[in-house]
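Since this is a predicted model, take the numbers as computed values, not measurements. Order of listing sets the numbers, starting from 1, for every ligand and every atom in it.
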Amino acid sequence: MSDYPEPIHHDDLALETAKPRLKKPPFYRVLLLNDDYTTMEFVIDVLTLVFHHSEEKAAQIMMHVHQKGAGICGIFTREIAETKVEQVLRYAQERKHPLQCTMEPDSDDGDE
Ligand code: TYC
């Protein structure tokens with residue numbers, strides 16, 4: 001006779017070992033919206049100061065927003081995206097520009 005108790009069989013339970021998966025953090029796009037009053041120079045300043053784009057890239061993004069109505073300034077994790085939106089809105093308010101900035105989940109971030 002064995003020294004060990006009989007294993008308990010849970011015949012009605014389907015137990016599976018969890019696969020160890022590290023979930024990637026979700027990413028968010030920060031978007032600038034067009035308006036008729038904010039100056040092009042100010043938008044370029046925002047894109048260089050807050051998003052660290054070169055003058056050339058900033059001018060390109062600004063023109064895209066001006067022509068299409070909205071454009072992506074960058075893609076970040078949630079807290080960084082929230083901070084960037086706050087910085088843009090505060091800077092615009094301080095300079096009395098109606099510039100609007102928002103964020104949305106980046107649907108192509110490769111997360112299943
Ligand atoms: N449409 C503005 C103008 O003609 C320029 C502008 C570009 C404003 C991008 C906002 O997010 C913006 N002065």
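- Ser107 and Arg29 share a donor-acceptor pair across their side chains, judged by distance under 3.5 Å alone.
- In terms of protein heavy-atom proximity, atom 8 (C) of ligand 1 is nearest to Asn34 OD1, 3.4 Å.
- Here the heavy atom of the protein found nearest to atom 3 (C) of ligand 1 is Thr38 O, 3.6 Å.
- The NZ atom of Lys84 sits 13.5 Å away from the CD atom of Glu79 when rounded to the nearest 0.5 Å.
- With a 4.0 Å cut-off on non-hydrogen atoms, Leu33 touches ligand 1 through its backbone and not its side chain.
- Looking at Val65 and Val43, their side chains never come closer than 4.5 Å, going by heavy atoms from C-beta outward.
- Put simply, the side chain of His53 never gets that close to the backbone of Gly74: no donor and acceptor are under 3.5 Å apart.
- Within the 4.5 Å cutoff, the side chain of Gln100 has heavy atoms near those of the Leu89 side chain.
- In the vicinity of Val65, heavy-atom distances shorter than 4.0 Å reach the ligand 1 atoms 9 (C), 11 (O), 12 (C).
- Using a 4.0 Å cut-off to heavy atoms of Asp35, the atoms of ligand 1 that qualify are 1 (N), 2 (C), 8 (C), 10 (C).
- Remark: ligand 1 atoms within the under-4.0 Å shell around heavy atoms of Leu99 are 10 (C), 11 (O), 12 (C).
- The structure places OG1 of Thr48 at 11.5 Å from CE of Met62, a figure rounded to the nearest 0.5 Å.
- Distance from atom 4 (O) of ligand 1 to its nearest protein heavy atom, with residue and atom name: His66 CE1, 3.1 Å.
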